[in-house]
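One structure follows; several queries about it will come next.
In what follows, every chain begins at residue 1, and chains take the letters A, B, ... in the order their sequences are listed.
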Amino acid sequence: MRTSRTLTSAAFILLAWTLLGPADLGAQDAQDAVPAATGPVMKLGLGLEYFSRTLSWDDGLRSSPMTAAFGVARLEVELRKGFTLGACLGYGLSNFNGLVFRNLPFSLDYEAGTSGSFLAGIDGEADPFKIGDFEIGVLGRYVISLGGTKTLAISGLNASGTADARALWMRVQAGPVVRYMGYQDFTPYLALMYDRLWGTFTTTETVKELSGTEDKKIAGEGSIGAAFGVVYEPLANLSFRGEVGAIPYKKISGSGLGFDLGGSLKAVLSF
Amino acid sequence: MSVHRSRSRLIGLVGLAVAAVLLSFGARYRSSTILAVSFVPGPSGPSAPPPCVAGEVLVKFKPAVSVMMKASALAAFETRTVARIPQLDVYIIRIEGAATVDETVAAFRGSPDVEYAEPNVICRALVTPNDTLFKYQYALANTGQIIGQVPGSPQGKPSADIKATQAWEETKGLATVVIGIVDTGVDLTHLDLQSKIKASGRDFINGDLDASDDNGHGTMVAGIAAAATDNNEGIAGVAWNSMILPVKVLDASGNGPSDVVAQGIIWAADNGANVINLSLGSESPSLTLQSAVKYAYDKGVFIAAAAGNSNTAVDYPAAYHPYCFTVAATDYNDLRASWSNFGPEVDVAAPGDRILAPYPQALTPLGFIAYAYGSGTSMATPHVAGLAALLKGAKPWLTPAEIQAIIRYSSDDVNASTYAGRDDFLGYGRINMENALVPIKITK
């Protein structure tokens with residue numbers, strides 16, 4: 001846990017330093033530094049995102065898969081060329097099948113499939129260095145997903161019972177990105193990301209006079225991932241971005257590495 | 001035979017005037033007032049090899065072997081392919097000739113084209129203990145087996161059991177959870193119990209610290225609840241890992257005054273018992289006894305108590321609600337035992353007819369092993385005590401009232417066709433360890 005916090009802090013510091021500091025430095029130190037834009041550019045976008053993540057819980061003793069798919073509306077402000085801040089709001093589905101709650105009167109195995117949740121996030125991107133056809137920058141992103149309460153019947157008992165389930169999770173991604181600017185309309189890029197997901201899945205059980213609540217701390221396995229993406233700009237004020245990523249993690253069973261995958265598609269219109 | 005009753009004394013509830021009392025190998029049923037037992041002989045011969053599918057072997061050929069060569073080999077060994085597991089490239093082979101499985105396996109193994117050959121071994125459900133008499137314990141896992149070894153013994157109905165093997169996948173209990181057996185004592189040196197005895201206990205009949213059993217009833221109760229399990233010996237206990245605290249409050253004839261029983265309950269509660277089994281009772285109320293069970297309950301002890309065996313109202317102290325959790329008896333067909341007491345106090349039922357359990361070695365006739373069949377709500381109750389011990393081990397924060405509710409609501413309403421819902425005969429139904437312990441899948 002302490003290591004995770006340290007890594008998170010380091011990632012934010014790196015991101016903040018890169019976003020706020022090195023623009024001028026780059027202009028002074030690098031001949032090919034990106035020139036500042038004349039004014040901010042507003043961009044609106046729509047996006048779809050999907051990812052799978054292996055969660056560990058019960059102090060890392062157990063794991064289960066999580067999948068999530070979201071549709072988001074984005075607002076981006078390009079403060080100057082190569083320096084963008086953004087925010088997004090969205091709604092989607094998360095699936096936490098496989099979580100087991102043993103700290104309730106009746107232990108429960110959550111297999112109820114997807115549940116809806118709202119998502120909000122902020123992100124930033126800066127490309128302060130340019131070397132030949134390559135731009136080197138950083139990007140960072142924070143999202144929070146607030147799940148709605150899902151009430152499920154507990155069956156198999158001779159008394160009626162319900163379970164109210166609700167998930168809250170957050171995700172931080174930050175890391176360097178390298179773009180190849182040698183093509184006219186396409187910009188492929190490769191990013192190495194610190195990627196941390198954590199949260200709480202709360203289940204409240206009620207079976208007649210029996211009741212109990214369990215807050216299960218969940219955390220994504222693995223913390224370093226890689227992403228490959230392409231930005232396609234068919235028009236000066238329209239761009240599309242596609243990205244796929246993978247996060248390796250060590251399986252709890254000890255039998256080698258597993259990979260969690262994700263991908264996103266975005267369409268952005270500039271004004 | 002009828003159970004002796006006394007308004008001033010409590011008696012063990014085992015031993016019934018029911019035809020289910022078994023005799024085996026000519027042993028005479030001892031028509032004493034309390035105990036009704038018969039003995040099963042020890043397991044015969046060395047352990048058999050693991051069962052396999054008759055007439056079938058599994059064969060994997062070496063990668064370079066062609067299809068024609070495989071077909072040639074199969075024909076040469078008088079076999080044919082039934083199926084193939086493509087992911088493993090393993091052939092399931094049916095023996096057509098007169099050769100046995102072992103002979104065919106040996107023949108295939110001798111072929112240079114074969115990577116390996118083996119019998120098609122039948123896997124068994126996990127967490128089936130290796131206790132040699134487990135196959136007779138229909139209460140824990142009813143496969144439709146014959147209940148007893150005497151000709152004419154009845155056959156159980158498959159699944160008319162408390163789902164113990166399924167529950168053991170989830171938990172086998174903790175050694176820190178102690179079941180107080182307040183009864184006639186326990187055979188402290190019995191092979192199936194000695195490793196499970198927390199202490200030599202307390203003998204309130206003879207006034208010492210050696211709660212040895214001179215009757216047999218308490219030993220049987222202790223074994224059902226928590227016999228040493230998966231130890232290649234005797235029976236399996238419901239609570240594999242829980243410990244037994246013996247407390248002797250009934251004498252050699254199975255009787256004990258209520259003040260002595262009350263002291264035993266209090267002593268057990270004060271000396272670490274998380275669960276107390278009371279396979280004893282009287283038709284007469286006793287405020288002293290009521291105070292004792294309240295004392296234990298208030299200290300966080302779950303008390304399982306036998307309803308009684310006279311097909312009448314529930315005995316005391318089982319009738320003292322909410323302190324005692326009242327247990328009626330079912331049989332190997334999930335039917336109510338005809339002698340099981342009834343009333344609004346009945347919480348649940350558990351198998352109590354023809355239950356195999358350890359029996360004191362000192363009381364076992366020559367030529368028999370130290371195990372016996374017994375019937376009664378006395379035999380049903382320790383199944384519930386064992387389940388309560390497993391629950392307490394898995395969820396130590398549970399109060400006695402919560403454990404009671406979990407056991408009630410997880411039970412199978414096996415007499416629903418006659419009495420849907422809770423009724424006065426089987427309460428909420430026959431206990432179901434799987435429902436109580438294994439995580440319940442919640443789906444849309």
A/Thr54-A/Asp260 side chain donor-acceptor pair, cut-off 3.5 Å: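 Side chains of A/Thr54 and A/Asp260: pair found under 3.5 Å.
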Residue part contacting chain A, namely of B/Leu437, when any heavy atom lies under 4.5 Å: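 Backbone only.
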Exercise: do A/Glu243 and A/Tyr189 side chains pair donor with acceptor under 3.5 Å: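 Side-chain D/A pair, A/Glu243 to A/Tyr189: present.
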Proximal component of A/Asn97, with respect to chain B [non-hydrogen, under 4.5 Å]: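 Neither part, no heavy atoms under 4.5 Å.
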Between B/Asn415 and B/Asp423, a side-chain donor and acceptor under 3.5 Å: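 Side-chain D/A pair, B/Asn415 to B/Asp423: present.
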Interface moiety of A/Thr203 toward chain B, non-hydrogen atoms closer than 4.5 Å: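 Nothing of A/Thr203, per the 4.5 Å heavy-atom cut-off to chain B.
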Chain A contact via B/Lys395 - which portion, at a heavy-atom distance below 4.5 Å: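 Answer is side chain: those atoms of B/Lys395 sit under 4.5 Å from chain A.
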Part of B/Arg422 lying under 4.5 Å from any heavy atom of chain A: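 B/Arg422 has no heavy atom closer than 4.5 Å to chain A.
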Pair listing, salt bridge (charged side-chain N to carboxylate O under 4.0 Å, His left out) test, anchored in residues 198-212 of chain A, at least two apart: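 Those involving residues 198-212 of chain A do not exist here.
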Check: A/Trp57/A/Ser63 side-chain N/O donor and acceptor closer than 3.5 Å: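 The answer is no; no qualifying pair exists.
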Proximity of residues 147-163 of chain A to chain B, residues having a non-hydrogen atom under 4.5 angstrom: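 Near chain B, by residue number: A/Lys150, A/Leu152, A/Ala153, A/Ile154, A/Ser155, A/Gly156, A/Leu157, A/Asn158, A/Ala159, A/Ala163.
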Which portion of A/Val100 sits near chain B, non-hydrogen atoms under 4.5 angstrom: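 For A/Val100, the contact with chain B is made by the side chain alone.
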Donor-acceptor pair between B/Ser340 and B/Thr377 side chains, under 3.5 angstrom: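 No, because no side-chain N or O of B/Ser340 sits under 3.5 Å from a partner of the opposite role on B/Thr377.
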Atom pairs and distances, donor-acceptor, side-chain atoms in residues 298-307 of chain B, under 3.5 Å, two or more places apart:
from: B/Asp298; atom 1: OD2; to: B/Lys294; atom 2: NZ; distance (Å): 2.6
from: B/Lys299; atom 1: NZ; to: B/Asp270; atom 2: OD1; distance (Å): 2.8

Test ring-ring contact (aromatic ring centres under 6.0 Å, His included) applied to A/Tyr249 - qualifying residues, sequence neighbours left out: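 Once residues adjacent in sequence are excluded, A/Tyr249 has no partner under the ring-ring contact (aromatic ring centres under 6.0 Å, His included) criterion.
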Short side-chain donor-acceptor distance under 3.5 Å, A/Asp215 and A/Thr202: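 On atom types as modelled, these side chains qualify, holding a pair under 3.5 Å.
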